[in-house]
Trainee: 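This structure is in structure tokens; I'll ask about it shortly.
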Amino acid sequence: NRLEIRNPGFSLKSPEHLGEPGSEPRNPVIAAVLHETRFAETKGSGVRVMRQLLHAAGLSPPLFESDRGRDSFAASYLFHHFLGPDDVAWLARFKALALSADDAKALIYVREAGAIDNASYRALNGVDTLAASQALRRLRDAGLLTQQGRSSATYYVPTATLMPAPVPVLSSNLDALSSNPTPLSSNPDGLSSNPTPSSGNPDAESQRVNGTASRAARDRLLAEVPGPLAVRIGELGQRHPPAEVRELVFELCQVRHWRAEELGALLGRNTEYVRQNYLRPLLKDGRIAMSRPDEPNDPQQTYRAAGIAK
């Protein structure tokens with residue numbers, strides 16, 4: 001349901017500034033030649049023009065994903081108009097909330113992309129930063145979105161109220177955690193990218209986090225990770241030795257507190273696989289600890305390196 005274009009090389013401009021005047025070319029000489037010979041448009045105008053043309057056609061704005069860890073950039077163009085019959089029927093579930101037209105657009109965007117931030121809301125509805133922040137907080141307080149990240153890295157993902165999804169049942173006994181992976185899917189309409197074939201390696205059998213939503217969330221999480229550590233995460237493959245990935249998880253837990261879902265998104269592993277093969281051994285060895293040890297199944301449970309203050 002989309003045209004998706006991927007290129008090597010992450011964006012030198014942060015995603016929230018894409019579309020603003022000016023460009024940051026990797027090779028200014030080549031860029032200048034292409035511009036002077038009219039093989040390229042005015043520098044820095046492409047994203048703005050894309051948004052204007054899609055808006056004029058009644059289509060959703062483009063989705064951009066800049067992945068520093070994997071050194072890649074992707075642009076996705078959805079093949080549908082906002083508020084079609086299916087969208088209207090879906091939004092009818094929230095009629096009691098008296099959503100504004102801008103809020104309705106934001107929810108449709110979240111359903112497609114799996115996440116939304118201030119910059120995306122501004123591009124979507126043509127409002128300023130303050131208005132976007134207030135609108136997103138209203139949707140959060142209404143129980144439709146969950147706030148993630150901090151400060152300029154803040155973004156919002158759908159709650160179970162907005163997009164119900166099966167929740168894996170966890171045992172209260174740490175040693176009885178199930179090893180059966182539960183596929184992550186933040187997009188119930190099947191908007192994931194092509195799944196990676198599984199192999200005989202247990203680490204490869206863990207399901208990669210698919211779809212635009214997961215990639216967007218991963219990109220934002222990587223922004224909170226120190227550069228060298230982010231590079232190592234970007235180099236991870238499905239055949240990577242579990243012991244090495246476990247050490248990487250321990251180093252991440254020294255940076256800040258993490259939920260299992262966040263670690264799964266960062267590492268490209270199924271959440272339950274992360275719990276079973278990385279968190280459980282580290283907990284047993286006393287190298288990490290739960291933030292809420294008395295409530296092991298708390299949905300907001302986080303993990304930190306042992307000795308780091310709560």
Side-chain angles (χ1 to χ4, degrees), residues 67-70 115 146-151 153-155 157 165 167-184 186 201-209 214-215 217-310:
D67 193 327
R68 182 181 293 268
R70 296 187 181 221
T146 297
Q147 186 172 338
Q148 304 287 337
R150 294 170 293 182
S151 188
T154 298
Y155 65 101
V157 297
V167 179
V169 179
L170 302 180
S171 168
S172 58
N173 184 340
L174 183 61
D175 292 325
L177 282 174
S178 169
S179 60
N180 296 326
T182 302
L184 273 180
S186 58
N201 184 289
D203 212 21
E205 292 295 335
S206 66
Q207 297 191 10
R208 302 292 292 179
V209 180
S214 298
R215 292 195 299 271
R218 183 176 184 270
D219 188 50
R220 292 179 175 87
L221 291 172
L222 274 174
E224 302 182 48
V225 177
L229 196 54
V231 171
R232 289 169 56 195
I233 292 173
E235 294 173 346
L236 279 179
Q238 292 192 2
R239 296 177 180 272
H240 220 79
E244 292 184 17
V245 182
R246 194 176 304 128
E247 288 302 311
L248 194 56
V249 170
F250 175 68
E251 292 182 46
L252 284 168
C253 289
Q254 293 177 308
V255 174
R256 72 164 175 87
H257 296 216
W258 299 92
R259 292 186 295 109
E261 292 80 4
E262 292 179 315
L263 291 170
L266 271 174
L267 302 172
R269 266 69 173 170
N270 174 266
T271 302
E272 197 60 35
Y273 188 89
V274 169
R275 288 193 179 98
Q276 175 73 12
N277 293 278
Y278 307 141
L279 295 175
R280 176 183 171 184
L282 290 171
L283 285 166
K284 292 185 68 174
D285 292 343
R287 302 180 67 189
I288 65 172
M290 294 180 178
S291 60
R292 305 180 184 185
D294 296 333
E295 302 177 75
N297 298 328
D298 191 313
Q300 298 303 314
Q301 183 72 258
T302 61
Y303 302 85
R304 67 188 189 281
I308 294 181
K310 296 183 181 181

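The residues of the chain are indexed from 1 along the displayed sequence. Computed from heavy atoms alone, side chains included, the values below leave out hydrogens, waters and symmetry copies.
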Trainee: Can you tell me how far CD of Glu262 sits from CG of Leu267, rounded to the nearest 0.5 angstrom?
Mentor: 11.5 Å
Trainee: Sequence neighbours excluded, which residues qualify as salt bridge (charged side-chain N to carboxylate O under 4.0 Å, His left out) partners of Asp285?
Mentor: none
Trainee: Give the minimum heavy-atom separation between Tyr155 and Ala115, together with the two atoms involved.
Mentor: CD1-CB, 4.2 Å
Trainee: Kindly determine whether Arg304 and Met290 satisfy side-chain contact (heavy atoms from CB on, under 4.5 Å), including the steps that lead there.
Mentor: CA-CA 7 Å; Arg304 67 188 189 281; Met290 294 180 178; 5.6 Å; no
Trainee: Identify the heavy atoms of Pro226 and Val255 that sit nearest to each other, and give their distance.
Mentor: CD-CG2, 3.9 Å
Trainee: Looking only at heavy atoms, what is the nearest atom pair of Ala289 and Leu283, with distance?
Mentor: CA-CD2, 3.9 Å
Trainee: What pairs with Glu295 under salt bridge (charged side-chain N to carboxylate O under 4.0 Å, His left out), at least two apart in sequence or on another chain?
Mentor: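 Counting only residues at least two positions away or on another chain, Glu295 forms no salt bridge (charged side-chain N to carboxylate O under 4.0 Å, His left out).
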Trainee: List for me each residue that meets salt bridge (charged side-chain N to carboxylate O under 4.0 Å, His left out) alongside Arg259, sequence neighbours excluded, and say none if there are none.
Mentor: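 Salt bridge (charged side-chain N to carboxylate O under 4.0 Å, His left out) check on Arg259 returns Glu261.
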Trainee: Check whether any side-chain heavy atom of Pro242 lies under 4.5 Å from a side-chain heavy atom of Asn277, and answer yes or no.
Mentor: no
Trainee: Go through the steps to decide whether Arg280 and Arg275 satisfy the test side-chain contact (heavy atoms from CB on, under 4.5 Å), and finish with yes or no.
Mentor: CA-CA 6 Å; Arg280 176 183 171 184; Arg275 288 193 179 98; over 6 Å; no
Trainee: Over all heavy atoms of both residues, which pair between Gln300 and Asp298 is shortest? Give the atoms and the distance, please.
Mentor: N-OD1, 2.7 Å
Trainee: Could you walk me through whether Arg232 and Glu247 satisfy the salt bridge (charged side-chain N to carboxylate O under 4.0 Å, His left out) test, starting with their C-alpha distance in whole Å, then the side-chain angles of each, then the deciding distance to 0.1 Å, before giving a yes or no?
Mentor: CA-CA 11 Å; Arg232 289 169 56 195; Glu247 288 302 311; over 6 Å; no
Trainee: Of all heavy-atom pairs between Ser291 and Gln301, which one has the smallest distance, and what is that distance?
Mentor: N-OE1, 3.2 Å
Trainee: Leu252 vs Ile233, test: side-chain contact (heavy atoms from CB on, under 4.5 Å). Steps then yes/no.
Mentor: CA-CA 10 Å; Leu252 284 168; Ile233 292 173; 3.9 Å; yes
Trainee: If you take all heavy atoms of Leu279 and Ala260, which pair is closest and at what distance?
Mentor: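 In terms of heavy atoms, the two residues are closest at CD1-CB, 3.9 Å.
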Trainee: Do we get Arg246 above Tyr278's six-membered ring, with its NZ or CZ under 6.0 Å from the centre and within 45° of the axis?
Mentor: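 Judged by the rule (NZ or CZ under 6.0 Å from the ring centre, within 45° of its axis), Arg246 is not positioned above Tyr278.
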Trainee: Which of these passes side chain to side chain contact (heavy atoms under 4.5 Å, CB included) with Leu266: Leu221, Leu248, Leu229?
Mentor: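 Exactly one option meets the side chain to side chain contact (heavy atoms under 4.5 Å, CB included) with Leu266, and it is Leu221.
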Trainee: For Arg68, does the CZ atom have more than 12 heavy-atom neighbours from other residues, nucleotides or ligands under 6.0 Å away?
Mentor: no
Trainee: For Leu263 and Trp258, run side-chain contact (heavy atoms from CB on, under 4.5 Å): C-alpha distance rounded to whole Å, both residues' side-chain angles, the deciding distance at 0.1 Å, then the answer.
Mentor: CA-CA 7 Å; Leu263 291 170; Trp258 299 92; 3.7 Å; yes
